[in-house]
Amino acid sequence: MKRIVLLRHGESIWNRENRFTGWTDVDLTDVGVQEAAAAGEALKAEGFAFARAYTSYLKRAVKTLDTVLDVLDRDWIPVEKSWRLNEKHYGALQGLNKSETAARYGEEQVRIWRRSYDVAPEPLAEDDPRNPVFDVRYNGVPDPYLPRTESLKETIARMLPYWECVIFPALKRENELLVVAHGNSLRGVIKHLKGLSDEEIVRLNLPTAVPYVFEFDEEMRLQNDFFLGDPEAIRAKMEAVANQGKR
């Protein structure tokens with residue numbers, strides 16, 4: 001059996017402040033670090049021994065991965081980072097409080113910006129200092145590939161080549177892989193693996209720092225998928241994610 005674990009990062013500072021984050025590079029809260037450590041303990045209890053790990057360029061995911069690997073005593077395994085695993089880019093919404101934005105534009109409009117499949121928020125202006133073309137970490141990425149905003153559809157299109165050309169082929173060689181990323185980039189993986197419709201994927205809520213395990217047979221056919229942890233606690237986390245942005 002081959003297994004890959006998808007893990008959304010732990011609580012970030014802007015998660016706690018209920019802000020649109022996207023490509024803004026905010027840190028974990030103390031709670032987020034504790035969540036990451038708890039995810040590591042859950043994986044350790046199940047005997048996971050990852051051969052390789054993948055994450056984004058954003059520190060909330062990188063630090064979550066570092067914490068998990070430290071708990072597992074597997075800090076030494078190869079780790080590959082890619083901008084293609086970054087969160088959905090929320091454009092001009094980045095930094096805004098979701099509840100305040102809902103009060104200004106209406107909950108339905110915020111729901112569309114957050115959860116529609118193919119509608120993107122207003123883009124950043126070209127001269128906006130938040131534009132990723134001004135960020136040194138993306139110097140090697142051609143300008144046309146760097147988003148000023150994204151829909152979920154565009155986020156998935158950006159992520160899938162990396163999944164299909166890098167991560168999934170590695171699973172054919174290794175038995176266990178770990179991917180630590182973000183709610184929307186991981187939705188793309190889940191949509192692809194489970195064959196979910198556009199409507200189904202936008203309704204999926206991923207809790208912070210709860211391991212989501214996918215099991216494959218030797219022919220690389222998906223056999224099973226499940227979250228590790230207490231079902232009630234996971235359900236409560238999912239409901240909290242779903243209710244973000246509501247007054």
Side-chain angles (χ1 to χ4, degrees), residues 1-13 15 25-87 137 159-190 192-193 206-218 220-231 233-234 237:
M1 178 184 298
K2 293 176 176 289
R3 301 192 291 183
I4 190 164
V5 173
L6 307 181
L7 185 68
R8 185 184 175 195
H9 60 80
E11 182 192 68
S12 74
I13 293 170
N15 286 147
D25 199 18
V26 301
D27 211 337
L28 295 175
T29 62
D30 290 342
V31 169
V33 175
Q34 293 166 9
E35 287 181 327
E41 293 292 350
L43 292 164
K44 185 176 182 180
E46 293 296 320
F48 279 90
F50 299 108
R52 184 175 295 269
Y54 303 86
T55 192
S56 73
Y57 277 5
L58 301 172
K59 70 175 67 174
R60 58 192 186 274
V62 174
K63 290 190 175 183
T64 298
L65 173 60
D66 289 345
T67 300
V68 169
L69 293 182
D70 188 52
V71 170
L72 293 172
D73 195 23
R74 297 190 77 81
D75 311 72
W76 50 271
I77 68 170
V79 173
E80 184 171 320
K81 301 181 179 73
S82 175
W83 63 276
R84 289 185 180 273
L85 290 175
N86 278 15
E87 175 61 297
R137 79 193 78 190
M159 179 282 304
L160 269 182
Y162 188 70
W163 170 262
E164 293 178 332
C165 297
V166 178
I167 300 177
F168 199 62
L171 188 59
K172 296 177 182 179
R173 302 187 300 269
E174 309 287 358
N175 288 327
E176 293 180 346
L177 300 178
L178 174 62
V179 180
V180 180
H182 307 266
N184 285 298
S185 53
L186 292 177
R187 276 193 184 96
V189 176
I190 296 163
H192 180 68
L193 288 177
L206 279 181
T208 53
V210 175
Y212 193 0
V213 182
F214 287 77
E215 297 179 335
F216 301 82
D217 63 21
E218 293 302 317
M220 303 306 297
R221 292 174 299 215
L222 180 62
Q223 299 297 304
N224 195 20
D225 63 281
F226 55 91
F227 287 101
L228 280 184
D230 175 67
I234 293 170
K237 277 193 166 190

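Keep in mind that the numbers below use all heavy atoms, side chains included, and drop hydrogens, waters and symmetry copies.
Under 3.5 Å, the side chains of Asn15 and Ser12 contain a donor-acceptor pair of N or O atoms.
Residues Arg84 and Pro161 share a closest heavy-atom pair of NH1-CG, 4.0 Å. The heavy-atom pair separating Met159 from Leu85 by the smallest distance is CG-CD2, 4.1 Å. In terms of heavy-atom proximity, Ala233 sits nearest to Asp230 at N-OD2, 2.9 Å. Across all their heavy atoms, Ala39 and Val68 have their closest contact at CB-CG2, 4.4 Å. Across all non-hydrogen atoms, the minimal contact from Lys59 to Asp25 is N-OD1, 2.7 Å. The minimum heavy-atom distance linking Thr67 with Val33 is given by the pair CG2-O, 4.0 Å.
One distance of note links CG of Asn184 with CZ of Arg8; it measures 8.5 Å at 0.5 Å rounding. Going from atom CG of Asn224 over to atom CZ of Arg3 covers 11.0 Å, rounded to the nearest 0.5 Å. Rounding to the nearest 0.5 Å places OG of Ser185 at 11.0 Å from CG of Leu160. Considering CZ of Arg221 and CZ of Phe216, their distance stands at 12.5 Å, rounded to 0.5 Å. In this structure, His9 NE2 and Asp27 CG are separated by 11.5 Å, a value rounded to the nearest 0.5 Å. A distance of 8.0 Å separates CG in Leu7 from CG in Leu186, rounded to the nearest 0.5 Å.
Annotation: salt bridge (Lys or Arg N to Asp or Glu O under 4.0 Å) contacts of Glu35 (sequence neighbours excluded): Lys237. Listed by chain and residue number, Glu11 satisfy the side-chain hydrogen bond (donor to acceptor under 3.5 Å, both in side chains) test with Thr29 (two or more places apart in sequence, or in another chain).
Without hydrogens or angle criteria, Glu215 side chain to Asp225 main chain gives no donor-acceptor distance under 3.5 Å. Side chain of Lys2 to backbone of Glu218: no donor-acceptor contact under 3.5 angstrom is found.
Trp163 and His192 have perpendicular rings, their planes meeting at more than 60° on a 0 to 90° scale where under 30° would count as parallel.
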| request: Begin from the C-alpha positions of Phe227 and Leu206 and carry the test side chain to side chain contact (heavy atoms under 4.5 Å, CB included) through to its verdict. | output: CA-CA 10 Å; Phe227 287 101; Leu206 279 181; 4.0 Å; yes

| After noting the C-alpha distance and the side-chain angles of Ile190 and Tyr212, does the key distance pass the side chain to side chain contact (heavy atoms under 4.5 Å, CB included) rule? | CA-CA 10 Å; Ile190 296 163; Tyr212 193 0; 3.7 Å; yes

| side chain to side chain contact (heavy atoms under 4.5 Å, CB included) between Ile4 and Ile167: does it pass, once the steps are laid out? | CA-CA 10 Å; Ile4 190 164; Ile167 300 177; 3.7 Å; yes

Kindly list each side-chain donor-acceptor pair under 3.5 angstrom involving residues 41-57, sequence neighbours excluded, with atom names and distances?
from	atom 1	to	atom 2	distance (Å)
Thr55	OG1	Val180	O	2.7
Ser56	OG	Leu58	N	3.1
Ser56	OG	His182	NE2	2.8

